[in-house]
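Reviewing the structure listed below.
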Amino acid sequence: QVRLVESGGRLVQAGGSLRLSCAASGRAFSGSAMGWFRQVPGKEREFVATIGLSGSTTYYADYVKGRFTISRDNAKNTVDLQMNVLKPEDTAVYYCASRWLTPSMKPSDYLSWGQGTQVTVSS
């Protein structure tokens, strides 16, 4: 089980950029695949991006591909989500999550979750 804390969410205008950060504690971080998910009221939690143990393997949801970039620094125990060209439909609570070994797009595959950070994109 990895303890996760997200930060960086705020109000931003459409077309702008944000960088979210997830700080992890525990020795298991380097052995964990990490993911970013988002959720809006009344909807299911949806996949955004995931990254493998070394950082060389990444997957993105179609609606963020080319705009968002996930990265990790195993020496610092952090995983970031760089978000560019933000759109109002990107408004959501963003969650960082971890699971064993391999990346996944399914929320149910993840063992640990942060509390989330609010991202609001104004038009």
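Basis for what follows: all heavy atoms, side chains included, without hydrogens, waters or symmetry-related copies.
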Checklist entry - Do you know the tightest heavy-atom contact between Ala23 and Thr78? => result CA-CG2, 4.4 Å

Item to check | Within 45° cone and under 6.0 Å: Arg67 NZ/CZ vs Tyr60 ring | outcome: no

Item to check | Verdict with reasoning, Phe47 to Tyr59, per ring pair (Phe, Tyr, Trp, His ring centres under 6.0 Å) | outcome: CA-CA 10 Å; Phe47 169 73; Tyr59 298 99; 8.1 Å; no

Next on the checklist: Just verifying a value: how many Å separate Arg99 CZ and Ser108 OG, rounded to the nearest 0.5 Å?
Outcome noted: 9.0 Å

Checklist entry - Looking only at heavy atoms, which two atoms of Arg10 and Ser17 are closest? And how far apart? => result NH2-O, 3.9 Å

Next on the checklist: For Met34, is there any backbone N or O sitting under 3.5 Å from a side-chain donor or acceptor partner on Thr50?
Outcome noted: yes

Checklist entry - Would you find a donor on one side and an acceptor on the other, under 3.5 Å apart, between the side chain of Arg72 and the backbone of Gly52? => result yes

Checklist entry - Any idea which heavy atoms bring Leu4 and Ala24 closest together, and the distance? => result CD2-CB, 3.6 Å

Checklist outcome for this item: Rounding to 0.5 Å, atoms OG (Ser98) and CG (Asp109) come to a distance of 12.0 Å

Checklist entry - Could you state the interatomic distance from CD (Gln13) to OG (Ser123), rounded to the nearest 0.5 Å? => result 9.5 Å

Next on the checklist: To the nearest 0.5 Å, what is the distance between CG on Leu11 and CD on Gln118?
Outcome noted: 9.5 Å

Checklist entry - Is there a side chain to side chain contact (heavy atoms under 4.5 Å, CB included) between Met83 and Val121 once you walk through the steps? => result CA-CA 11 Å; Met83 304 184 294; Val121 184; over 6 Å; no

Item to check | side chain to side chain contact (heavy atoms under 4.5 Å, CB included) between Trp100 and Leu53, worked out | outcome: CA-CA 9 Å; Trp100 293 98; Leu53 273 59; over 6 Å; no

Next on the checklist: Rounded at 0.5 Å granularity, tell me how far CG in Leu81 sits from CG in Leu18.
Outcome noted: 9.5 Å

Item to check | Nearest heavy-atom neighbours spanning Thr58 and Gly55 | outcome: CG2-O, 4.0 Å

Checklist entry - Closest heavy-atom contact between Cys96 and Glu6? => result N-OE2, 2.7 Å

Checklist entry - Would you find a donor on one side and an acceptor on the other, under 3.5 Å apart, between the side chain of Asn74 and the backbone of Ser54? => result no

Checklist entry - Parallel, tilted or perpendicular: which describes the rings of Tyr110 and Phe37, with under 30° parallel and over 60° perpendicular? => result perpendicular

Checklist entry - Is any side-chain heavy atom of Tyr63 closer than 4.5 Å to a side-chain heavy atom of Glu89? => result no

Item to check | Side-chain ion pair, Lys65 and Asp62, N-O less than 4.0 Å | outcome: yes

Checklist outcome for this item: Closest heavy-atom pair, Gly9 versus Leu20, reported as atoms and distance to 0.1 Å, is N-CD2, 3.5 Å

Item to check | Worked verdict on Asp80 versus Gln82 for side chain to side chain donor-acceptor pair (under 3.5 Å) | outcome: CA-CA 6 Å; Asp80 289 358; Gln82 178 65 47; over 6 Å; no

Next on the checklist: Quick one, Val79 with Ile70, criterion side chain to side chain contact (heavy atoms under 4.5 Å, CB included). Give me CA distance, side-chain angles, the key distance, then yes/no.
Outcome noted: CA-CA 7 Å; Val79 58; Ile70 187 171; 3.9 Å; yes

Item to check | Approximate separation, where rounding is to 0.5 Å, of Tyr94 OH and Cys22 SG | outcome: 15.0 Å

